[in-house]
Structures are given as C-alpha cells and as structure tokens.
Novice: 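Can you read through this structure? Questions will come right after.
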Amino acid sequence: MESAASKSAQLTANAAEALPAGALEAKLELAEKEGRQLRVKLGLDPTAPDIHLGHSVVLTKLREFQDQGHRVVLIVGDYTARVGDPSGRSETRPVLTTEEIVANAASYEAQAGRILDQDPERYELRYNSEWLDMSMADLLTLVRTTTVAQLLEREDFANRYRSGAPISILELLYPLMQGYDSVAIASDVEIGGTDQTFNLLLGRDIQRHYGMAEQAVMTMPILTGIDGVEKMSKTKGNEIAIEASADEMFGRTMRLPDEAMAGWFDLLAIPSPPDVTGPRDTKVALSKAIVTRFHDAAAADRAEAQFVSQFVEHEIPEEVDTFRFEASGGSIHLPMVLAEAFGISRSEARRLVEQGGVKVDGDAVDSCDLDVSAELLSGAVVQIGRRRFKRFEPNR
RNA sequence: GGCGGGAUGUCCGAGUGGUUAAAGGAGACGGGCUGUAAACCCGUUGGCUCUGCCUACGCAGGUUCGAAUCCUGCUCCCGCCA
C-alpha cells in the first residue's frame, strides 16, 4: 500500500501550490484511516460553453484523484454565474441569462465527461442554485463570516480600490458564495487555478465558521493561450477547445510561440521529446500529442500531413466545401460572389482582391478584373488567404 | 443630499467648431519572409450600385455655411464629500 505521503507527492507534482502545507497529506491519511473517499471539489463557471485546454489542466488533476479512488464533486456555478467571478478582472463581468447558463452547463458536463470518470461512485455533479438560492437570514449568516478588510486583501480588489475603480457588492459576494459551496458539499479538497487561491482559502475560513473541517487547497498553474502570454480563455480567442477538430487543434498549437512550449508540456503532462530535435519538431510533437489525447493517433498523423501540405507546401486541401453560384449571366461580379461564398462584406472582398489575397486555382486574381467570366469560376477552387477555400460550382 | 468625472469605431483610447470614416495602440485580416497558423517587415481594417454616395462618436432636439466637438433635455455609468 502506498503511503499518503507518496500519493500526495504524486498529486502535487505539477501543481503550483498545495495549501496549507501538509494539509493534503493529512486529508489522504484521514481518508485511509476512515476508509472513505475524499470529496474533491471543482467549481465550474458556466459563462462560456466550451471547455478548453486550460480547463483540462484542472480536470486532468481531478481525474488523478479519481484514479486514486476519490470522489470528484463538480459544481456548476449556475447561481454564481449570475454574479460573475471578478478574479483577475479589472471590470465587472457581464451577467448571463438563465437560458444561456443552463445551456452552457449542459454542454460543460458533456465535455468534462471526456476527461473525468463519470462512474457515479467517483463523480457527482451539483448545481449551486440548489443551496445558494437561500433566505435572507441564511445569507446574513454567511455574510457574517467575513469582513470587508479580508476581501480587500485580494489583489484585484485591492488594486481596484486603490485606483478608484468600481467594485460592486455582487463581486464581493462571489468569494463568499464559492466558499459556501464548500460548506454545502463538505469538500475535503478544492482545486483551482492559481488565480483562485484567495477564493479557495476563504472557503476554509467559511467552512470553519460553519463548524466543519477545513478543505485542503491545491492550485494549478495557469496555462497560457496560444499567444503564449495571456491566460487561455475563450474571450481572448487564444483557446484550443477540447471539441475542436484535429486540424484546428494541430494548427492552433503550431501557432504557439516557441518559448511557451515548455509550460504546455508540463501542465498538460505530455512527455517532452528528446532534445536532439529542433523547436519545429518539438512543436509538432506537442501538437500531435494534444490531438492524440482528444482524438487519436491516426487523426494526429492526418492533421500533421494536412498542415504540411497546406501551410508548408501551400497546396490546396483535398477536401473543400462546395459553393453553388448563379451562372446565368456570362460574367460574374467577383466581390458579390466572394461575399456570398465566404460570408464577408463586398467591400472586404474588394480589398482582398486588391491586396492579391484572392486566388482562383492557385493564381492570384488581378485587381483590375472585378468581373470575371462564369467559366473561369466553374469547378475552380477559390481561395482567400492561406486558410479559406471554396470550390465553385455553377448552379444549373 | 452636495460636488465632480464620463459615455467615441471589434476592444482600449486621442480628439473641444472645418482637409475627421475620426490620431495611437491592441486584435483581426491580406502580402512578404519563414521550420511554423511563431517572430519580423509591409499593407488593410464601417457599408455600398465605389473617381461618388450612405451611415457613424449614449439618446432626442437646437445653434451654425459647417458639430464627435457649442446649447437644451433625457438615459446610463463612475468617483469624492456628507
């Protein structure tokens, strides 16, 4: 039997922090002694419908807990989403409608299932509206646990307060609500990104006020987006969704700046290839590993081949969507048909032609020829830039 | 309750009567280059029936030959003092 110490060491291997020191190990020991599972909590913020690689870091960590026999309690923050987590933000989040939240939550659960073990013995899903839709009296009890000074210790609040930027009461309430989630589900461990450290630790205080054992806290480093700088997030458009196609996953990973690769290997728990290879090959290996994880090895090979053909050798891809155009007249006004085919405005189409960005069967269109013959387009592959293709077929 | 600040294009943010479709930055897109959908360089970035026209600087009016810029009212947001 493995010791609690070694299990703890294993779990914290690529974590940022495990707080307070020794707490996780103590929890593991306790669980073993009492012969029970640990309840490991993760709060999900259903403000965007897609799970991306950033979420996968934490979810994969939860999976490790499951593989050691523990129980993951996923909390869909359907109620807290009405408040908006201010973590790391300089402004108040927009509030979602109930319908959006419900739809996002459903999609979240389905996607989380790709990483987590959904065996009911080891998996529990809860919505925090279940307990946060509380009476005023209960809210007052909750609010009594914490002071404004405590909340203002949090870096983003402190910064905003100092600079005279607005802080809404709603936002101050968020950490309290999240902490109450820990009370409601009696969590033993809570996991989150390093930007959650304050909230996770406050959860301990709140549990204590309610006379409960305090949770251990584990934070995971934040995965950068494909820009290699900012936190991966849908809003910034630098994410790789775990539902993305193999080609998209591969290509987007190839966009990652070389310097950011090491962090990705570490956080995504992908073994680094031998360092005899150059950065290009390293990045290819990373891309293939990611595609393999969410699709399979064959898909990774195909994605690589596709990438090489399209972006290295600049070939027209084999499979191109067909666009049917009206070829009744003899000549076609290019901006019009491009706008229709690619969903851009005619002005934009005109600009693209002027910049030499439009190719028909590989040849750039002359900017003087805004009207072309229908025959030229018939059966041709029209290309905008390096990434957008459509096969034109006359509509007859 | 009092005082003050603010609302500009996808975002941030200049601009206080006239070459302003609106500086600058970010983002995005196109081209070049490249191991790369990286970096770097160049360019573009409201729409259209495109040597011109239309729409746009919170909303509604007004002044003016002419307003994002001045005036009036309204809506919303924020800070400070009490």
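Below, chains carry the letters A, B, ... as their sequence lines are ordered, and counting in each starts from 1. The structure presented is a predicted model; accordingly, all values stated were derived computationally and were not measured.
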Novice: Look at the side-chain N and O atoms of A:Arg160 and state whether any lies under 4.0 Å from the OP1 or OP2 oxygen of B:C78.
Specialist: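 So the side chain of A:Arg160 is outside the cut-off, no N or O lying under 4.0 Å from OP1 or OP2 of B:C78.
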Novice: For atom P, what is the distance between B:A56 and B:A21, given to the nearest Å?
Specialist: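 14 Å, rounded to whole Å.
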Novice: So which nucleotide from B:U36, B:G31, B:C78 ends up closest to the side chain of A:Arg386?
Specialist: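 Of the options given, the side chain of A:Arg386 lies nearest B:G31.
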Novice: Could you check whether A:Gly251 gets within reach of a base, just the sugar-phosphate, or nothing at all, counting any heavy atom under 4.0 Å?
Specialist: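 The residue A:Gly251 makes base contact.
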Novice: Between A:Phe311 and A:Phe307 (judged by ring centroids, cut-off 6.0 Å), do the two rings come close enough to count as a pair?
Specialist: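 Yes, ring centres under 6.0 Å apart.
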Novice: With respect to the side chain of A:Arg351, which nucleotide from B:A38, B:U36, B:U44 is positioned closest?
Specialist: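 So the nucleotide nearest the side chain must be B:U44.
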Novice: Searching all strands shown, indicate the nucleotide that pairs with B:U75 (Watson-Crick or G-U wobble; both distances under 3.5 Å).
Specialist: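 Check on B:U75: paired to B:A7, both distances under 3.5 Å.
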Novice: Taking B:G6 as the reference, what is the distance to B:U69 when you measure between their P atoms (whole Å, please)?
Specialist: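 Nearest-Å result for B:U69 against B:G6 at atom P: 14 Å.
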Novice: Does B:A68 pair with anything, Watson-Crick or G-U wobble, both distances under 3.5 Å, and if so, with which nucleotide?
Specialist: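 Base-paired to nothing in any strand shown.
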Novice: The side chain of A:Ser345 lies closest to which of these nucleotides: B:C48, B:U45, B:G43?
Specialist: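 It is B:C48.
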Novice: Checking base pairs now: Watson-Crick or wobble, both atom distances under 3.5 Å. What partners B:C40?
Specialist: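 WC or wobble partner is B:G32.
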Novice: Starting at atom CD of A:Glu354, determine the distance to atom C1' of B:U44, rounded to an integer number of angstrom.
Specialist: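 Going from A:Glu354 (CD) to B:U44 (C1'), I get 10 Å.
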Novice: Using a cut-off of 4.0 Å on non-hydrogen atoms, how would the nucleic acid contact of A:Ile344 be classed: base, sugar-phosphate, or nothing?
Specialist: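 No contact.
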Novice: Between A:Arg388 and A:Phe250, which residue's closest nucleotide on RNA chain B lies nearer the 5′ terminus?
Specialist: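 In this pair, the answer is A:Arg388.
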Novice: From the options A:Leu125, A:Leu62, A:Thr60, select the one residue that forms a side chain to side chain contact (heavy atoms under 4.5 Å, CB included) with A:Leu116.
Specialist: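 Answer to the side chain to side chain contact (heavy atoms under 4.5 Å, CB included) test with A:Leu116 among A:Leu125, A:Leu62, A:Thr60: A:Leu62.
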Novice: For A:Val312, report the nucleic acid contact type (base, sugar-phosphate, nothing); a contact means any heavy atom under 4.0 Å.
Specialist: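 Sugar-phosphate, no base atom in range.
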Novice: Between B:A7 and B:A14, how many Å separate the two P atoms, rounded to a whole number?
Specialist: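 It comes out at 9 Å once rounded to the nearest Å.
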Novice: Please determine, for the side chain of A:Pro279, which listed nucleotide (B:A38, B:G35, B:U36) has the closest atom?
Specialist: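 Given the options B:A38, B:G35, B:U36, the side chain of A:Pro279 is closest to B:G35.
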Novice: Need one value for A:Ser347: base, sugar-phosphate or nothing, where a base atom within 4.0 Å counts as base even if backbone is also close, heavy atoms only.
Specialist: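 Base contact - A:Ser347 has a heavy atom under 4.0 Å of at least one base atom.
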Novice: Are A:Arg154 and A:Phe157 in a cation-pi contact, defined as NZ or CZ under 6.0 Å from the six-membered ring centre and within 45° of the axis?
Specialist: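 Pair A:Arg154/A:Phe157 counts as cation-pi.
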Novice: Could you give the distance separating B:U8 and B:G4 at their P atoms, to the nearest angstrom?
Specialist: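 Comparing P positions in B:G4 and B:U8 gives a spacing of 23 Å.
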Novice: Could you point out which residue of A:Arg39, A:Arg71, A:Arg36 forms a salt bridge (Lys or Arg N to Asp or Glu O under 4.0 Å) with A:Asp188?
Specialist: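 Answer to the salt bridge (Lys or Arg N to Asp or Glu O under 4.0 Å) test with A:Asp188 among A:Arg39, A:Arg71, A:Arg36: A:Arg36.
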Novice: Considering only side-chain heavy atoms of A:Gln355, which listed nucleotide, B:U36, B:U44, B:A38, is closest?
Specialist: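 Nucleotide nearest to A:Gln355's side chain: B:U44.
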Novice: Evaluate the ring planes of A:Phe325 and A:Phe392, with Trp represented by its six-membered ring, and classify them as parallel (under 30°), tilted (30 to 60°) or perpendicular (over 60°).
Specialist: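 Tilted.
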Novice: Which nucleotide in the set B:G31, B:G30, B:U36 lies at the smallest distance from any side-chain heavy atom of A:Ile384?
Specialist: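 Of B:G31, B:G30, B:U36, B:G30 is nearest to the side chain of A:Ile384.
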Novice: Between A:Arg204 and A:Glu190, does at least one N-O distance fall below 4.0 Å, as a salt bridge requires?
Specialist: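 No salt bridge links A:Arg204 with A:Glu190.
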Novice: With a non-hydrogen cut-off below 4.0 angstrom, is A:His314 in contact with a base, only sugar-phosphate, or nothing?
Specialist: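 The residue A:His314 makes base contact.
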Novice: So if I take every side-chain heavy atom of A:Leu352 and compare against B:C29, B:G35, B:G47, which nucleotide ends up nearest?
Specialist: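 Shortest atom-to-atom distance from the side chain points to B:C29.
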Novice: Considering every strand and a 4.0 Å limit on heavy-atom distances, what is the contact class for A:Asp247: base, sugar-phosphate, or nothing?
Specialist: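 Result for A:Asp247 = base.
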Novice: Closer to the 5' end of RNA chain B via nearest nucleotide, is it A:Met249 or A:Val358?
Specialist: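 On the 5' side of the pair lies A:Val358.
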